[in-house]
Each structure stands twice: as C-alpha cells, then as structure tokens.
Q: 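One structure coming up, written as structure tokens, with questions to follow.
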Amino acid sequence: MSSPTITQYPPHAALEQAMIRTFEAMKKKALLLNDFQIIKGDAWVAIWIFFVNDANVPKHSDVGILDELEMDFRERLMASKEHFSFQELPLINFEYDSKENIDKNYQGSYYLRMR
C-alpha cells in the first residue's frame, strides 16, 4: 500500500469535518449556531459562521465564546493532520453573522452576503 500524498494545507474535507465537530461541541454550550460556509483559497481559508439571531454575535464575543470556538476548530483541524496528510494550517479568518441578517438584508442568500 502506498503512503498518502502529503499536501501543504488541509483539504476542504478536513476543514468541513473540523467545523462540524466544533458545531456539535458548541451545541453543548447552548450556542444557537445556524450554519457555516467555508471559502478556501490557495493559502487562506475564510470560515463564515452564522448564528440564529443578530444579538448572538456580540453576546458571545463579549464573553470570549467566539475565541473558544475558533480555538476549538483549530485544535480539531490539527488533530486531523495525520489523517488528512497535510503539513500546516493556512491563514484562517473567521467571519460572524446571523441567519436573521441574511434573511432581512440579503434575501436569504448566503452567497450575496459573502460577496
């Protein structure tokens, strides 16, 4: 059996799996997370996290939950390093918004919001 090909940065599947597990962990903390989107460039990743309500973003930012969420995601991603055969993490930028804002100001389209 040949060894897996090592890539420099994690593949999309690794990013998605780490975010799904982070969402599951954050549910235990009663965070009202609605959805996430991942946009991947050559040497960067943008993670868009959408809460249910507008009020959730500043509320969780003020008490450090968003920092915890980002740290949890990075730890889960690094834990998958061997499984997904990548060398390092790219620059990761987190963006926060809410489903409420998407519905109110972007006709319910995540695409229009992330443009």
Side-chain angles (χ1 to χ4, degrees):
M1 182 194 295
S2 64
S3 62
T5 303
I6 295 179
T7 60
Q8 183 171 355
Y9 299 122
H12 192 84
L15 296 163
E16 198 167 71
Q17 189 176 76
M19 186 49 63
I20 289 168
R21 289 189 172 140
T22 299
F23 259 50
E24 289 168 357
M26 291 295 129
K27 281 182 186 176
K28 295 174 186 171
K29 296 181 181 276
L31 285 182
L32 297 175
L33 300 171
N34 185 69
D35 200 358
F36 69 90
Q37 300 288 321
I38 299 171
I39 301 172
K40 188 173 184 283
D42 289 337
W44 57 268
V45 172
I47 307 283
W48 285 77
I49 297 175
F50 297 94
F51 286 89
V52 174
N53 303 312
D54 286 341
N56 295 134
V57 178
K59 172 185 164 187
H60 295 304
S61 180
D62 291 345
V63 295
I65 297 292
L66 299 184
D67 292 336
E68 186 178 338
L69 184 147
E70 292 176 19
M71 187 171 63
D72 186 83
F73 171 78
R74 291 176 201 279
E75 288 173 0
R76 290 176 192 282
L77 189 55
M78 285 306 292
S80 72
K81 189 175 177 179
E82 187 175 312
H83 176 75
F84 285 101
S85 303
F86 62 89
Q87 295 177 346
E88 61 186 275
L89 293 182
L91 173 66
I92 300 173
N93 186 38
F94 289 85
E95 299 287 337
Y96 297 96
D97 206 335
S98 71
K99 176 68 171 136
E100 180 181 14
N101 183 50
I102 299 300
D103 290 342
K104 203 171 17 177
N105 297 307
Y106 298 95
Q107 298 85 38
S109 172
Y110 291 106
Y111 174 76
L112 289 176
R113 170 61 180 102
M114 294 184 297
R115 286 182 59 174

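Here, residue 1 is the first one in the sequence, and each next residue gets the next number.
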Q: Taking all heavy atoms of Ala18 and all of Phe73, pick out the closest pair and write down the distance.
A: CB-CE1, 3.6 Å

Q: With a cutoff of under 4.5 Å between side-chain heavy atoms, which Ile, Leu, Val, Met, Phe, Trp and Tyr residues group with Met71?
A: none

Q: Is there a donor-acceptor pair closer than 3.5 Å between any side-chain N or O of Asn56 and the backbone N or O of Asn53?
A: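 Answer holds: yes.
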
Q: Could you list the residues that satisfy side chain to side chain donor-acceptor pair (under 3.5 Å) with Ser80, not counting sequence neighbours?
A: none

Q: Could you work out, with side-chain contact (heavy atoms from CB on, under 4.5 Å) as the rule, every residue matching Pro58, not counting sequence neighbours?
A: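 Partners of Pro58 by the side-chain contact (heavy atoms from CB on, under 4.5 Å) criterion come out as none, since no residue qualifies.
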
Q: List the residues meeting side-chain contact (heavy atoms from CB on, under 4.5 Å) with Glu95, not counting sequence neighbours, and say none if there are none.
A: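 For Glu95 the side-chain contact (heavy atoms from CB on, under 4.5 Å) partners, ignoring immediate neighbours, are Trp48, Asn93.
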
Q: Measure from the ring center of Tyr96 to the ring center of His60 and say whether it is less than 6.0 Å.
A: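 They do not qualify: ring centres at least 6.0 Å apart.
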
Q: Going by salt bridge (Lys or Arg N to Asp or Glu O under 4.0 Å), name the pairs with one or both residues in residues 33-48, residues two or more places apart or in two chains.
A: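 Qualifying pairs, neighbours excluded: none.
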
Q: Within a strict 4.5 Å, meaning less than it, do heavy atoms of the Leu33 and Lys27 side chains meet?
A: no

Q: Can you list the residues that meet the side chain to side chain donor-acceptor pair (under 3.5 Å) rule with Glu75, with sequence neighbours excluded?
A: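 With sequence neighbours excluded, Glu75 shows a side chain to side chain donor-acceptor pair (under 3.5 Å) to no residue whatsoever.
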
Q: Report the residues that fulfil side-chain contact (heavy atoms from CB on, under 4.5 Å) with Gln8, sequence neighbours left out, ordered by chain and then residue number.
A: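 Counting only residues at least two positions away or on another chain, Gln8 forms a side-chain contact (heavy atoms from CB on, under 4.5 Å) with Gln87, Glu88.
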
Q: If you look only at pairs with a residue in residues 45-59, which of them pass as a salt bridge (Lys or Arg N to Asp or Glu O under 4.0 Å), with sequence neighbours excluded?
A: Asp54-Lys104

Q: May I ask you to test the Leu15-Leu77 pair for a side-chain heavy-atom distance under 4.5 Å?
A: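 Sidechains of Leu77 and Leu15: in contact.
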
Q: Side-chain contact, heavy-atom cut-off 4.5 Å: Phe50 with Ile102?
A: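 The answer is yes, as the side chains (C-beta and beyond) meet within the 4.5 Å cut-off.
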
Q: What pair of heavy atoms forms the shortest contact from Phe84 to Pro11, and how long is it?
A: CD2-CG, 3.9 Å

Q: Might you point out which heavy atoms bring Phe94 and Ile92 nearest each other, and give the distance in Å?
A: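 Nearest heavy atoms, Phe94 then Ile92: CE1-CG2, 3.5 Å.
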
Q: Please tabulate, one pair per line, all N/O donor-acceptor pairs under 3.5 Å involving side-chain atoms of residues 106-115, not counting sequence neighbours.
A:
residue : atom : partner : partner atom : Å
Ser109  : OG   : Tyr111  : N            : 3.4
Ser109  : OG   : Leu112  : N            : 3.1
Tyr110  : OH   : Asn34   : ND2          : 2.9
Arg113  : NE   : Asp97   : OD2          : 2.4
Arg113  : NH2  : Asp97   : OD2          : 3.3

Q: If I compare all heavy atoms of Thr22 with all of Arg76, which pair ends up nearest, and what's the gap?
A: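 Heavy-atom minimum between the residues: OG1-CD, 3.3 Å.
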
Q: Is there a side-chain contact between Asn101 and Phe51, using heavy atoms and a 4.5 Å cut-off?
A: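 No, every pair of side-chain atoms sits at 4.5 Å or beyond.
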
Q: Taking ring-ring contact (aromatic ring centres under 6.0 Å, His included) as the definition, give me every residue that meets it alongside Phe36, ordered by chain and number, with sequence neighbours left out.
A: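 Scan of Phe36 (ring-ring contact (aromatic ring centres under 6.0 Å, His included), adjacent residues dropped) gives Phe23.
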
Q: Would you please name every residue forming a salt bridge (Lys or Arg N to Asp or Glu O under 4.0 Å) with Arg21, sequence neighbours left out?
A: none

Q: Answer whether the closest heavy-atom distance between the side chains of Val52 and Ser98 falls below 4.5 Å.
A: no

Q: Go through Ile38 and Glu16 one step at a time and tell me if the side-chain contact (heavy atoms from CB on, under 4.5 Å) criterion holds.
A: CA-CA 7 Å; Ile38 299 171; Glu16 198 167 71; 4.3 Å; yes

Q: Mind checking whether Met19 and Ile49 have side chains closer than 4.5 Å, heavy atoms only?
A: yes

Q: Run the side chain to side chain donor-acceptor pair (under 3.5 Å) test against Glu68 and tell me which residues pass, sequence neighbours left out.
A: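 Counting only residues at least two positions away or on another chain, Glu68 forms a side chain to side chain donor-acceptor pair (under 3.5 Å) with Lys29.
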
